[in-house]
Novice: 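Quick one: this structure, given as structure tokens, is what I'll be asking you about.
Residue numbers start at 1 and run along the sequence shown.
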Amino acid sequence: MEIAVIPAPVRAASPPGAPFVLNTGTRIVVGPDPATAAIATVVAESLTRLGGLAVPTVAKDSSEPGAVVLRLTDDRSVLGLSVDVDAARSMGAYRLEVSRDRVVVTALDLPGLLHGVATLEQTSDRTRGSVRFPPLVATDAPRFGWRGLSLDVARHFFDVAAVRKVIDVMAGLKLNVLHLHLTDDQGWRLDVPSRPELAARSGGTAVDGDPGGYYTVEDYQEIVAYAQSRCITVIPEIDVPGHVNAALHACGELTPSGEPAPAYTGIGVGHSRLHADLEATGNFLHDVFTDVAALTPGHYVHIGGDEVLTMRPAEYASLVQAAATHVRAAGKGVVGWQEIAKTPLGPDTVVQYWTGAQGAEPVIAAAQAGAQVLLSPAHKVYLDMKYDDETPVGLVWAGHIEVRDAYDWEPLDVIPELPAECIVGVEAGIWSETIRSVDELFLLLLPRLAAVAEVAWSRPETRDWNDFAARLSVLAPRWTEAGLSWYRSPRVQW
């Protein structure tokens with residue numbers, strides 16, 4: 001194994017030659033395209049942190065040694081992409097060339113530039129008193145356009161600083177969607193301008209009576225902006241019409257009695273619901289989804305829709321359709337868990353598949369009607385599951401998920417009847433019923449998130465467990481250097 005990069009690139013080779021050394025002459029060259037300026041700032045900060053030397057950004061290439069050139073192109077052939085590759089699936093493609101005198105990252109778009117730099121950083125050698133990058137030529141493109149992580153901040157709350165750490169790890173693994181599960185029975189985590197009582201009354205609760213918390217509008221905007229600067233899209237989830245006890249606790253008018261529901265700090269599911277026959281319900285859905293959409297620059301808003309166990313199908317469908325209507329009226333596309341597949345929602349809908357227990361037929365039918373499918377099979381990518389019986393935190397309802405379990409699966413085999421073109425991508429999930437600290441969060445995320453990232457990015461023919469495990473052993477110490485906890489799987493030779 002010569003090139004220890006995760007996810008595995010499509011093509012990579014190490015030509016002979018001397019390494020590129022980070023030193024006082026290193027600079028970021030952005031050229032005439034102003035679109036690269038913001039990306040160059042992020043790259044400069046990253047290289048400065050890596051080498052301990054200030055790395056400036058310049059607009060012109062002097063051809064002197066030490067340049068890290070960020071170059072946008074519309075010539076797909078430069079990246080080794082055929083003209084018939086779907087444009088959405090080629091977003092993030094890049095070509096990286098490293099020689100003694102310069103580094104050149106060429107891409108079709110800004111995400112591609114960052115992905116090329118992420119590959120560069122993973123190859124860095126810091127064992128000789130300086131930061132060196134070995135000679136390399138890599139051309140790479142993602143397999144799926146949606147490569148995400150769903151982070152539950154509702155059962156236990158994680159502040160802006162913690163979310164930024166998650167975003168940094170995601171960017172390094174070329175993940176591009178952060179799905180924030182903002183509301184559930186146990187807490188409401190976003191201050192919605194038209195409904196301040198939601199965060200004020202239900203922002204302070206969490207599982208087992210632990211401390212809660214919520215994001216102000218400014219906090220949420222900071223998360224979104226930080227993610228955007230790393231080419232990661234934030235998708236907020238407001239889970240309805242079930243998982244709503246926090247809303248019922250804050251807004252008594254949403255209950256048939258008109259009285260607020262007691263706060264709920266357990267981990268059971270399926271016991272709370274909205275009521276379609278209450279006028280307050282429609283007003284609530286309109287206010288919340290309109291505001292959340294207005295705060296979110298990304299294209300999608302997630303409406304939840306899962307585990308509604310005490311509602312008749314017709315009422316469920318009416319509430320899901322109402323939520324979707326308000327999301328679309330605000331100019332956004334709709335994402336929901338696979339249960340929404342039984343409700344006709346039209347185009348621009350993403351159905352998030354998570355369990356085979358419900359059968360795949362409604363998901364297949366929704367895809368045939370124009371929906372796209374996001375794959376999150378719980379027994380492979382729910383990263384709150386324990387690694388084994390000895391794992392100090394986590395759940396087991398979907399089984400133990402060791403690192404190899406998160407790696408050894410093929411997305412197209414999850415629902416074999418589903419055409420490949422209907423699958424928009426892969427998203428891991430981590431639910432926080434048992435997670436009380438940032439250390440516990442990363443212990444469960446890492447290294448399994450790296451495994452899922454490779455499944456989402458790399459083609460099957462480039463994936464091999466033994467090779468991945470070897471590359472993982474090189475990457476993991478970088479997490480230690482960043483102060484992150486991670487699990488030392490006995491299946492990997494660390």
Side-chain angles (χ1 to χ4, degrees), residues 3 5-12 20 22 26-51 55-61 66-81 85 87-99 101-124 131 133 135-147 167-178 225-233 297-298 453 456-458:
I3 303 170
V5 173
I6 297 174
V10 174
R11 288 181 293 275
F20 180 92
L22 206 60
T26 304
R27 62 208 180 275
I28 310 296
V29 179
V30 298
D33 193 329
T36 62
I39 293 297
T41 299
V42 173
V43 174
E45 291 173 355
S46 180
L47 293 181
T48 296
R49 184 169 57 250
L50 187 65
V55 178
T57 298
V58 300
K60 293 184 179 181
D61 187 358
V68 178
V69 181
L70 305 180
R71 178 182 297 159
L72 290 175
T73 182
D74 55 7
D75 184 355
R76 298 161 64 87
S77 66
V78 172
L79 308 181
L81 297 173
V85 173
R89 296 178 189 270
S90 64
M91 289 181 62
Y94 67 90
R95 178 179 174 87
L96 171 64
E97 301 166 88
V98 183
S99 64
D101 292 336
R102 63 202 291 109
V103 173
V104 180
V105 184
T106 306
L108 300 173
D109 50 29
L110 299 181
L113 293 178
L114 279 187
H115 295 154
V117 173
T119 293
L120 176 72
E121 291 180 0
Q122 284 194 26
T123 66
S124 63
V131 180
F133 302 97
L136 177 66
V137 177
T139 54
D140 201 6
R143 184 184 186 191
F144 293 107
W146 186 315
R147 306 174 305 281
I167 291 170
D168 287 340
V169 170
M170 291 177 64
L173 295 171
K174 303 182 178 74
L175 297 168
N176 66 348
V177 175
L178 175 60
Y226 191 78
Q228 278 186 318
S229 72
R230 284 140 181 85
C231 297
I232 293 172
T233 299
W457 178 280
S458 303

Novice: Does the side chain of Thr41 come within less than 4.5 Å of Ser229's, by heavy atoms?
Specialist: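 The answer is no; the side chains never approach within 4.5 Å.
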Novice: Side chain of Thr36, backbone of Val30: donor and acceptor closer than 3.5 Å?
Specialist: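 Such a contact is found between Thr36 side chain and Val30 backbone.
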Novice: Would you mind telling me which of Val104, Val105, Val137, Thr73 makes a side-chain contact (heavy atoms from CB on, under 4.5 Å) with Arg95?
Specialist: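 The single option meeting the side-chain contact (heavy atoms from CB on, under 4.5 Å) with Arg95 is Val137.
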Novice: Is it the case that atom CZ in Arg71 sees more than 12 heavy atoms from other parts of the structure closer than 6.0 Å?
Specialist: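 It does not: Arg71 CZ has 12 such atoms or fewer within range.
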Novice: Taking all heavy atoms of Leu120 and all of Val98, pick out the closest pair and write down the distance.
Specialist: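 Heavy atoms of Leu120 and Val98 come nearest at CD1-CG2, 3.8 Å.
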Novice: Step by step, would you call Asp61 with Arg27 a side chain to side chain contact (heavy atoms under 4.5 Å, CB included)?
Specialist: CA-CA 9 Å; Asp61 187 358; Arg27 62 208 180 275; 4.3 Å; yes
Novice: Kindly give the heavy-atom pair with the smallest separation between Thr26 and Pro56, and that separation in Å.
Specialist: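 Heavy atoms only, the tightest pair is O-CD, 3.3 Å.
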Novice: Can you find a pair of side-chain heavy atoms, one from Val43 and one from Leu114, that are under 4.5 Å apart?
Specialist: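 Contact flag for Val43/Leu114 side chains = yes.
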Novice: Please check if the number of heavy atoms outside Asp75 that lie under 6.0 Å from its CG is greater than 12.
Specialist: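 Yes, because the 6.0 Å sphere around CG of Asp75 holds more than 12 heavy atoms from other groups.
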Novice: For the residue pair Val78 and Leu108, establish whether any side-chain heavy-atom pair is separated by less than 4.5 Å.
Specialist: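 The answer is no, as the side chains (C-beta and beyond) never meet within the 4.5 Å cut-off.
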Novice: Going by heavy atoms in the side chains, are Asn176 and Met91 under 4.5 Å from each other?
Specialist: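 A side-chain contact is absent here, since even the closest heavy-atom pair is not under 4.5 Å.
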Novice: Rounded to the nearest 0.5 Å, how far apart are SG of Cys231 and CD1 of Ile39?
Specialist: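 Cys231 SG to Ile39 CD1: 4.0 Å, rounded to 0.5 Å.
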Novice: Yes or no on side chain to side chain contact (heavy atoms under 4.5 Å, CB included) for Gln122 and Ile3, after CA distance, side-chain angles and deciding distance?
Specialist: CA-CA 9 Å; Gln122 284 194 26; Ile3 303 170; over 6 Å; no
Novice: At their closest point, which heavy atom of Ala118 faces which heavy atom of Gly172, and how far apart are they?
Specialist: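 Smallest interatomic distance, heavy atoms only, reads CB-O, 4.0 Å.
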Novice: Measuring from Leu22:CG to Ser124:OG, what's the distance to the nearest 0.5 Å?
Specialist: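 Leu22 CG to Ser124 OG: 9.0 Å, rounded to 0.5 Å.
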Novice: Is there a donor-acceptor pair under 3.5 Å between the side chain of Asp140 and the backbone N or O of Val10?
Specialist: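 Yes; judged by distance alone, with no hydrogens or angles, the pair exists.
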Novice: Phe20 vs Phe133 aromatic rings, parallel, tilted or perpendicular, using cut-offs 30° and 60°?
Specialist: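 Phe20 vs Phe133 ring planes: tilted.
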Novice: Going through the distances and angles, do Asp168 and Tyr226 end up as a side chain to side chain contact (heavy atoms under 4.5 Å, CB included)?
Specialist: CA-CA 9 Å; Asp168 287 340; Tyr226 191 78; 2.6 Å; yes
Novice: Compare every heavy atom of Gly116 with every heavy atom of Tyr94, then report the nearest pair and how far apart it is.
Specialist: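 It is CD1-CA, 3.5 Å.
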Novice: Taking all non-hydrogen atoms of both residues, which atom of Val68 and which atom of Leu47 are closest, and how far apart?
Specialist: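 Closest approach of Val68 to Leu47, heavy atoms only: CG2-CD1, 4.3 Å.
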Novice: Taking Ser46 for its side chain and Val42 for its backbone only, find out whether a donor-acceptor pair lies under 3.5 Å.
Specialist: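 Checking the backbone N and O of Val42 against the side chain of Ser46, no donor-acceptor pair under 3.5 Å is found.
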Novice: Is any side-chain heavy atom of Lys174 less than 4.5 Å from a side-chain heavy atom of Thr119?
Specialist: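 Yes - at least one pair of side-chain heavy atoms lies under 4.5 Å apart.
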Novice: Taking the side chain as everything from C-beta on, heavy atoms only, tell me whether Leu175 gets closer than 4.5 Å to Ile232.
Specialist: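 SC-SC contact between Leu175 and Ile232 ruled out.
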Novice: Starting at CG of Leu173, measure out to NE2 of His115 and round the result to the nearest 0.5 Å.
Specialist: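 These two atoms lie 10.5 Å from each other.
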Novice: Determine yes or no for a side-chain-to-main-chain donor-acceptor pair under 3.5 angstrom, with Thr233 supplying the side chain and Gly298 the backbone.
Specialist: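 Such a contact is absent between Thr233 side chain and Gly298 backbone.
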Novice: Testing the basics here: between Ala93 and Ala141, what is the closest heavy-atom pair and its distance to 0.1 Å?
Specialist: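 Smallest heavy-atom distance, with atoms named: CB-CB, 3.6 Å.
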